[in-house]
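Comments concern the structure below.
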Amino acid sequence: MIMATDFQVKDYNFEQCMKCSVCTAYCPVTLVNHKFPGPKQSGPDGERYRLKDIKYFDKTLDLCLNCKRCEVACPSDVKIADIIQVVRFKHANRPPSLRNRLMAETDLVGGVATRFHRTVNGAFNNRHIKNVLDAILEIDRRRQLPQYARKTFRKIFDKHYAHAQQAFETKVAYFYGCHVNYNDPELGLSLVEILNAVGIGVELVTEKCCGMPLIMNGLVDRAKKNAVFNIDSIRQIVDRGLPVLTTSSTCTLTMRDEYNHILGLDNEDIRDSIFLATRYLYDLIDNGRIKLVFKPDAGNKVAYHTSCHMEKLGWAIYSSKLLALIPGSKTIVMESSCCGLAGTYGYKKENYNDSQKIGKDLFKRITKFNPDIVASDCESCNRQISTSTPYEAVNPITIIARALDFKATRKANGINN
Amino acid sequence: MKADVVFIGGGLAALVAGIKLLENGLSVIIISAGQSALHFSSGSLCAMNRYNDTEVHSPLEYIDLLPPDHPYRKVGGASATCTLLKEAEVIMRRAGIELTGTLERNHYRLTPFGVFTPAWLTLSDHLTLDSLDKVPYRKAAIIGIEGFLDFYPDFIAKGLKKIGFETVKSTVNTPEFNLLRNNPTEMRAPNIARTLTEEGLENYAYALNRKIYDCDVAIIPAVVGLNDNEPVKQLASMVNCDLYSVSTIPVAVPGIRMKILLQEYFTSLGGWYLMGDSATDGIFENDYLRSINTANLGNTPVKADRFVLATGGLFSRGLKSDINHVWEPVFDLDVDFEQDRARWYDKNFYQPQPFMKFGVKTDEHFRCSLQGKTLRNLYAIGSVLGGDFNPLTDGVGAGVTLASAMYVANKCLE
């Protein structure tokens with residue numbers, strides 16, 4: 001049994017805070033919710049008091065989204081968001097509610113929901129059922145609830161794609177994550193098809209949810225179990241010399257940084273082998289190792305939105321440069337700010353209004369740019385932007401797949417048929 | 001990953017130089033470890049305020065009297081400095097920063113402590129005076145915000161009275177400020193600024209108008225217009241007399257506004273601003289810096305024809321120190337500093353502090369050196385520079401930053 005009190009922030013450097021408050025100026029939550037004391041006060045500043053006496057622990061810390069924008073802004077490299085998450089684990093004095101459990105257990109809910117996808121999708125679109133969910137579970141009725149796929153990505157892959165992968169000499173592993181598996185298998189299949197077209201085979205990681213929804217909903221022991229499982233599974237792949245690709249900025253950040261920084265697990269040997277597929281593809285193209293050939297007239301006006309965790313990873317440059325390779329496309333990187341959904345946060349009834357207020361400026365900027373399509377490496381942002389603006393928002397890999405001339409690409413990379 | 005020029009550090013120097021390069025068709029990446037010292041800027045930039053013990057009115061007159069290794073002399077003396085700084089000024093204006101002032105003659109601006117000090121350029125919504133002998137207003141309403149501790153109406157009033165203003169002090173409150181006061185420690189200028197749009201701004205204007213009485217000018221803390229000047233203009237149009245801001249204690253809205261406008265302009269020109277990333281080391285071939293590595297890009301090295309170190313001074317972690325040493329943390333470049341620690345500082349806090357002169361050693365073209373060997377394509381600009389100048393007491397910080405930035409930008413274009 002893992003005790004929640006075991007947790008400790010890596011780089012526990014709260015004393016480096018010079019109280020400048022630059023972090024608070026970039027916090028999406030303080031902008032809309034004055035109950036949240038802001039990152040400086042909740043993080044390093046409050047830590048000094050909490051060390052003295054835990055009576056200074058404050059449940060307003062639950063309002064933190066763990067977006068990490070405070071850490072990106074901090075001139076002194078203080079691990080502000082890490083400090084906040086860990087103190088929440090340590091001193092949470094109530095078990096998570098049924099709703100938070102349901103929202104956090106993406107694997108469990110996703111597994112059941114895909115099996116009964118017709119019923120679940122119908123129910124999630126039904127006004128009366130949504131009212132009931134709102135009243136009983138406090139899942140906001142104004143949200144469009146996720147739709148589940150007929151078959152999981154893993155099942156489709158195993159049945160229709162797995163066999164063909166054996167023909168490839170170069171291989172990568174793919175950590176597809178819950179969103180691809182249960183909600184958007186198309187995205188995963190697009191990646192497999194792109195990689196195959198440039199001569200790279202794919203195998204799937206034996207995986208559980210990365211754990212971010214569990215961390216954010218207070219199921220930290222469950223998160224740690226998933227993390228141990230994933231690290232072990234990825235380690236076996238990395239030991240064979242394969243990189244592990246992802247298509248979600250949140251899963252990526254969680255496995256690279258959160259496992260070590262806040263869950264205290266040793267992932268040093270695998271960290272640098274986990275990266276977003278956009279980064280992997282861009283690097284291969286940049287080094288002249290592969291070629292992508294696009295359809296003529298595939299160019300679009302694309303607004304690239306940097307999700308919070310993408311901002312923390314610092315990798316927007318890869319995804320947007322990759323999108324810019326499509327001839328005739330115009331990719332603009334929007335000024336980075338939080339979309340407001342933040343995983344499960346925006347679904348909760350008590351957060352709906354704040355969530356939409358946080359995203360307001362982003363929606364305005366996107367609408368002003370008036371793109372053909374929005375791209376983001378975060379499924380949660382894409383859901384929020386698709387439902388809050390008139391534009392479709394998708395993963396960059398989806399846009400690449402739509403624009404790619406697969407036949408010509410295979411030929412350019414010396415792949416037969 | 002490759003660009004023509006890569007800047008390590010993302011403050012005033014890198015942004016202005018980066019914009020100049022982009023405008024001339026080069027590709028530019030800026031790598032910025034956390035937000036820059038611009039977040040602490042009062043909204044005034046100084047070219048030179050003091051020469052030895054004399055207050056300077058016309059900075060250009062004194063430049064050729066400076067020691068030969070002073071950055072102003074290195075860029076070519078008074079006329080060259082004039083050209084470079086004026087070009088930097090034009091770039092800042094093009095980015096949308098509205099400024100008052102000229103290099104020919106310093107004006108006076110009001111510090112948060114109510115002291116009038118000289119400046120070269122100041123944000124146009126701030127109170128500035130051409131001379132302290134002639135006061136353009138009769139009576140000033142100095143209006144603070146209840147519970148906001150980074151603005152001192154008493155000090156401001158004292159400073160204004162000294163030069164002949166009549167003053168009335170007061171504070172205002174609005175529903176928005178009431179909410180902010182839930183977290184008294186976060187009652188800071190940028191947080192206030194974020195509430196001052198639309199209805200929040202109207203409520204603030206209404207509250208201000210009730211405290212103007214018979215005054216002909218209102219003076220408020222600089223808490224309006226975080227992203228641009230628009231809210232300032234809206235507020236001015238709603239207030240019943242002339243309205244000026246005075247900078248607050250940092251973290252300061254004026255500097256953040258300058259940074260946001262510069263960064264937006266830089267990005268709109270196609271520049272890459274990698275926020276929250278930091279350079280970790282470089283791959284050298286003899287005297288040539290081939291590429292650098294960064295924390296976030298990991299095994300993707302960043303290549304460039306030229307690299308510019310703009311990481312700032314001790315405050316910004318561009319220089320680090322322990323009890324005996326001062327060093328440059330990215331490449332361990334040669335650094336000028338006093339070996340004897342006892343001579344790092346003057347015990348009288350108000351005296352010029354020798355450590356202010358510590359910084360990276362550069363040749364006549366601001367190229368850095370490693371173990372005595374000058375590097376062909378690595379330059380240093382801004383506060384990381386060492387040399388015989390004290391940005392604080394001489395009031396040359398922004399001027400040296402911008403002159404060195406523009407000079408190196410020109411070198412990159414050769």
Side-chain angles (χ1 to χ4, degrees), chain A residues 16 18-28 30-42 45-46 60 68-78 243 256 271-275 279-280 282-283 286-287 306 311-318 320-321 324 332-336 361, chain B residues 1-3 11 29 31-40 150 176 178-191 193-195 197 226-227 249-253 255-256 260 263-264 267-268 270 272-278 294-300 302-303 312 315-317:
Chain A
Q16 293 295 314
M18 56 176 170
K19 297 186 165 222
C20 70
S21 292
V22 166
C23 54
T24 309
Y26 291 91
C27 173
T30 34
L31 179 65
V32 298
N33 188 336
H34 298 292
K35 285 192 196 107
F36 183 54
K40 183 202 76 180
Q41 182 63 30
S42 306
D45 226 5
T60 58
K68 308 274 185 200
R69 288 187 184 272
C70 47
E71 290 185 12
V72 174
C74 178
S76 307
D77 199 24
V78 178
R256 284 171 59 97
R271 179 181 187 268
D272 290 341
S273 301
I274 304 169
F275 33 83
R279 172 174 173 174
Y280 179 74
Y282 181 79
D283 272 345
D286 200 30
N287 295 326
T306 312
E311 180 81 354
K312 174 67 178 159
L313 287 166
W315 293 354
I317 190 166
Y318 296 111
S320 46
K321 279 198 166 194
I332 293 283
V333 181
M334 298 278 110
E335 187 196 324
S336 176
D361 280 350
Chain B
M1 198 68 68
K2 190 178 178 314
I29 294 176
I31 297 161
S32 181
Q35 295 291 4
S36 71
L38 267 178
H39 284 60
F40 302 81
D150 291 340
E176 286 74 22
N178 267 335
L179 283 174
L180 278 176
R181 259 193 308 278
N182 282 337
N183 299 300
T185 60
E186 302 312 299
M187 191 84 186
R188 306 292 293 272
N191 295 336
R194 297 211 294 181
T195 69
T197 59
L226 193 60
N227 299 308
I249 303 287
V251 52
V253 167
I256 299 182
I260 288 176
Q263 190 183 329
E264 274 177 8
T267 312
S268 75
W272 276 99
Y273 195 97
L274 304 187
M275 187 67 228
D277 200 357
S278 54
T294 80
N296 284 344
L297 302 187
N299 39 23
T300 312
V302 184
K303 294 176 207 145
F315 175 72
S316 299
R317 297 184 295 147

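A, B, ... follow the sequence lines: proteins, then strands. Residue 1 opens every chain. If you're wondering where the values come from, they're calculated on a predicted model, not measured in any experiment.
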Any donor-acceptor N/O pair, [X] side chain to [Y] backbone, under 3.5 Å:
| X | Y | value |
| --- | --- | --- |
| A:Arg279 | B:Leu297 | yes |
| A:Asp77 | B:Gly34 | no |
| A:Asp286 | B:Met1 | yes |

Best-contacting candidate, [options], against chain B by heavy atom pairs under 4.5 angstrom:
| options | value |
| --- | --- |
| A:Cys23, A:Gly314, A:Gly38 | A:Gly314 |
| A:Asp272, A:Ile317, A:Leu31, A:Asp283 | A:Ile317 |
| A:Ile332, A:Val72, A:Asp45, A:Thr60 | A:Val72 |

Give, for atom [atom1] of [X] and atom [atom2] of [Y], the distance between the pair rounded to the nearest 0.5 Å.
| X | Y | atom1 | atom2 | result |
| --- | --- | --- | --- | --- |
| A:Lys35 | B:Leu179 | NZ | CG | 10.0 Å |
| A:Glu335 | B:Asn227 | CD | CG | 6.5 Å |
| B:Thr185 | A:Gln41 | OG1 | CD | 3.5 Å |
| A:Tyr26 | B:Met275 | OH | CE | 7.5 Å |

Chain B heavy atoms under 4.5 Å from [X]: which part of the residue, side chain, backbone, both or neither?
| X | result |
| --- | --- |
| A:Cys74 | backbone |
| A:Glu71 | neither |
| A:Lys68 | neither |

Using heavy-atom distances under 4.5 Å, tell me whether [X] contacts chain A through its side chain, its backbone, both, or neither.
| X | answer |
| --- | --- |
| B:Phe315 | side chain |
| B:Thr195 | side chain |
| B:Arg188 | side chain |
| B:Ile249 | neither |
| B:Leu274 | side chain |
| B:Gln263 | neither |
| B:Asn299 | both |

| query | In terms of heavy-atom pairs under 4.5 Å with chain A, which of B:Asp277, B:Asn191, B:Ile29 leads? | reply |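 With the most close heavy-atom pairs to chain A, the winner is B:Asn191.
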| Do A:Trp315 and B:Thr300 come within less than 4.5 Å of each other through their side chains, counting heavy atoms only? |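 Counting from C-beta outward, A:Trp315 and B:Thr300 never come under 4.5 Å.
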| task | Answer yes or no: is there a side-chain heavy-atom contact under 4.5 Å between B:Tyr273 and A:Ser336? | result |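 In short, these two side chains do not touch, never coming nearer than 4.5 Å.
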| Under the side chain to side chain contact (heavy atoms under 4.5 Å, CB included) criterion, do A:Val22 and B:Phe40 qualify, and how do the steps go? | CA-CA 9 Å; A:Val22 166; B:Phe40 302 81; 4.2 Å; yes
| Given the rule in the side chain to side chain contact (heavy atoms under 4.5 Å, CB included) test, do A:Thr24 and B:Asn183 qualify, once you have shown the distances and angles that lead to the verdict? | CA-CA 12 Å; A:Thr24 309; B:Asn183 299 300; over 6 Å; no
| query | Any idea which heavy atoms bring B:Trp272 and A:Ala316 closest together, and the distance? | reply |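 Reported closest heavy-atom pair: CH2-O, 4.1 Å.
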| What closest approach, in Å, do A:Ser21 and B:Glu186 show between heavy atoms, and which atom pair accounts for it? |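 Result for this residue pair: OG-OE1, 4.0 Å.
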